[in-house]
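Lettering of chains follows the sequences in order, A, B, ..., and the numbering in each one begins at 1.
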Amino acid sequence: MPRPSRGWRAAAAAGAVAVLLAACSSGDGGSGGSGGPGDRPYTIGLSNGFVGSEWRTQMVEGLEAAFAEYQKEGVVDELVVESADTDVNGQIQQIRNLINRDVDAIIVNPNSETALDAVFREATQQGVKVFAIDQAVTSKDVTNVVIDQAEWARTSAEWLAEKVGRGGDIVVVNGIAGHPANDMRWNAAKEVFTKAGVNVLTVADGNWDQATGQQVMTNLLATYPDIDGVWTQDGMAEGVFRAVQAAGRLDRITISGEARVGFMRLWNEARADGFESIGVVNPPGGAVSALHMAVNVLDGRKLATATAATATAGGNGNTVHIPIPFTVDETTFDQHWGKVSGESAAYSLDGSLTRAKAAEFFE
Amino acid sequence: MNAPARREIWREIRLPGVQLSGAATVAMLVVAVVVNSALQPNFWNSYALTSNFATFVPLVAIAVGQTVVVLSGGLDLSLGAQVTLAGVVAVQIVDGRLDRIPLAVAAALGVGLACGALNGLVVALLRLQPIVATFATGFVFSGLALVVLPTPGGSVPVEVTTAYRDAVLGVPVALLAILGLALLWWVLRRHRVLRHIYAVGGDADAAYASLVPVTRTRVQAYVLGGLFAALAALAILANTGSGDPFVGNELTLASVAAVVIGGTALTGGRGGAGGSILGAVVLALVTNIVFFADVPTTYRQLVNGAVIIVALALAGIPALQKSPASRKRRPVA
C-alpha cells in the first residue's frame, strides 16, 4: 500500500520547524513595552487569578472606573483584563499574554508569593513594569503596592486587647495556615496579645469563609465556655458573630469585626444591646492605587528617596505600603454605615490613594 | 507468527484512519498558527515564540504519555495528578540547590514510574475499568501531593528557570525539549514494547493468540504514561520555578483532548504521538487565539470549550468516514 502522506507529513513538519528556526534567529529580541518614558497613551494589563469573591469583583470594577477617567484624558488607551479562576501555571500564561499584547505595565494580584518570579523577570526584560497588589511578592522586578498587613491586623488586635484587658482569655479564627497574608497578620496580632497579657487559648482556621468561620466558632464555643473575646480576620466575622449570637453570649464575648456590609448589618442591629466591634478596611481599591503608581512610573518619575527608604524598611526593598484608608469603630460607625447600607452583604468598604497622594510617593 | 508478519497486520488495521486524521491535525495546526499570527502582531518575535513553546512543553509531554496509554486500549485520568505529585516531590528535594537537581529528576521519574505501575496493576491485574480506576488513583496521587507540599512553595534554582527560557543558537530550549520528546517517542516506537502496545490496543484477543504478553504490556503502557507525566512535571517546574500541589490537575482532560485532536483512536491500537504533539500545540494556540481575539474573560472559558469541541469533531470526521473501509480491509489481512 502506498503511503504518500507519510512523506508529506514529514515534509510539513520539517518545513514548519525550518520556518520557526528562521523566525527565532531573526527575532528582534522583543518589542514589548513602550519606547521610553512619557510615551503616552499607555496600555495597562490586569492579571487576576481568582474570581470567586466579591472583593475581587470590586477590585476589577474599581480599576475599570479609575482607568476610564485616565482614558478620557488621553493618558491611557486600553485596559486588558485577564481575570479567571486559575492556578499558578495559568497565571503565568495570563502574564505572558499581557506581555505579548505589548502592554506598558501590568497590575497583578498574584496567586503566589514566589512562583511567578520567573515570569515577572520575563516582563521586566521586555520593558514592562509590574505592580503587585493585595499580596506582596518576593521578586525584585516587581513593585508591591500593598497595605501593611501587620498594621492592619495590629489595629484590630490592639482594640480587642484593650476590651478584654490583661489576663483576658480569647480564641482566634484565622484564614489559611501557611498563607503569607495570614501569617503576616497573625504574627503581628500575636505580638500585640503577648504584650498586652492576653491569653490566646487556641488558634483555628476558618479558610476566610463565612460558613466555615461559623462552624469553627461554634466548635470553639463548645470547647472553651469562658472566653472573653475572639479575634478574627477578613471575611469570617459574620460567621463568628452568628455562632456567638446562637450561643446567646454576645453580651460577654467581644468580637473583632470587619469592614464589610454583611457584618456591619449585624453589628448595626446589635448596637442597641451595647454590642461594640471594629472593622479595619482592607481595600479592593489597591488596584486603583497601583494604577496611579503605574502612570507615575511610566511618566518616567522616580520613587522619592523617602518612599524608597520605607520600601527597604518594609522588607524586600520592593514594597510600597499604601495607608489603610480608614477604620470603622463605634465613633465612626454611623458615618460609614449611612454610605454603604444599601450594598450587598459581601461588599467591602473601600478606599484608594488619590492621584495627588500617589504623586507624593515620587520625586 | 514472526514479527514482520505481525507488523503487517497492525499496519493494515492502523493506517487508513490515521493518515487522513493526521492531515486534519496538520490542517488545524496551520489554521491555528495563521489565525494566531494574524491576531497577535508579535507572534513571530523571539520572546513570543520562546514563551509560547515554554507553555507548550508540559502539555506536549503529558499528551505523549496519554497517547501510549490510549494506544494500549486504556485511559489514564490520573496523569495530571501524577504530574502534580512528581512535581512536588522534585521541588521538595531540590529545595533551590543546583547540586540536588540529578536527585530531584531521578525522584520525579521514580514517582512517575511508581504511579504508572500502580495504575497498571489496578487496571491490568485487578481488571478494573480504566476510567474509574485511574480517576480514583488520581485522588490518591493528589492527596499524596498535598501531604508532600501542603501549600504552594519551594523553589527551583534560578539557573534552571533561566535556561528553560533561553535559546541555543537562536532555537528556544523549550522547542528543543519538544523535539526531544518527539525523538523519545520515535525511539520507543521502534521498540518491541510499543509494538506490543499497538497489538494489545488493536485487538487484545488476537494479540494474546500471537503470544503477546497482554497483561504485562498493559502495565508497561501505564508505566510509560507515568514516565511522560514526570517529564511534564519537570517542565512545569522549569517554567514556574516553584512547586504547587494543584498545578497538574487541569492537564488531564487537556491530554485526552490533545490525543483525540491528534487523530489517535480512543478505542486503542490506532494513532501515534506525533499527532498528539501537534494536537497539544493546537490546544495551547486556541487558548492564545481566544485571548487575542478580545473575548471578554467571562466568556473565554465558554468560547475555549466550544472551539475545542469543534476541533475534536473535525479530528473525528476522517476516522468516521474511513471506518467502513477499515472494516472491509480486515478480512483481506
Separation of [Y] [atom2] from [X] [atom1] (nearest 0.5 Å):
{"X": "B/Ser51", "Y": "A/Asn97", "atom1": "OG", "atom2": "CG", "value": "8.0 Å"}
{"X": "A/Arg121", "Y": "B/Thr162", "atom1": "CZ", "atom2": "OG1", "value": "7.0 Å"}
{"X": "B/Gln40", "Y": "A/Asp102", "atom1": "CD", "atom2": "CG", "value": "10.0 Å"}

Measuring only between side-chain heavy atoms, which start at C-beta, is [X] closer than 4.5 Å to [Y]?
{"X": "A/Gln125", "Y": "B/Tyr47", "result": "no"}
{"X": "A/Asn100", "Y": "B/Phe291", "result": "no"}
{"X": "B/Asp294", "Y": "A/Arg101", "result": "yes"}

Problem - Interface residues of residues 232-245 of chain B facing chain A - non-hydrogen atoms under 4.5 Å apart - result: B/Ile236, B/Asn239, B/Thr240, B/Ser242, B/Asp244
Exercise for the section: Just grab all the side chain to side chain donor-acceptor pair (under 3.5 Å) pairs involving residues 279-291 of chain B, residues at least two apart or on different chains. Expected result: A/Gln93-B/Asn288, B/Asn52-B/Asn288
Proximal component of [X], with respect to chain A [non-hydrogen, under 4.5 Å]:
{"X": "B/Ala54", "answer": "both"}
{"X": "B/Ala167", "answer": "neither"}
{"X": "B/Gln301", "answer": "neither"}
{"X": "B/Ser155", "answer": "neither"}

Problem - Engaged part of A/Asp117 at the chain B interface, taking heavy atoms whose separation is under 4.5 Å - result: neither
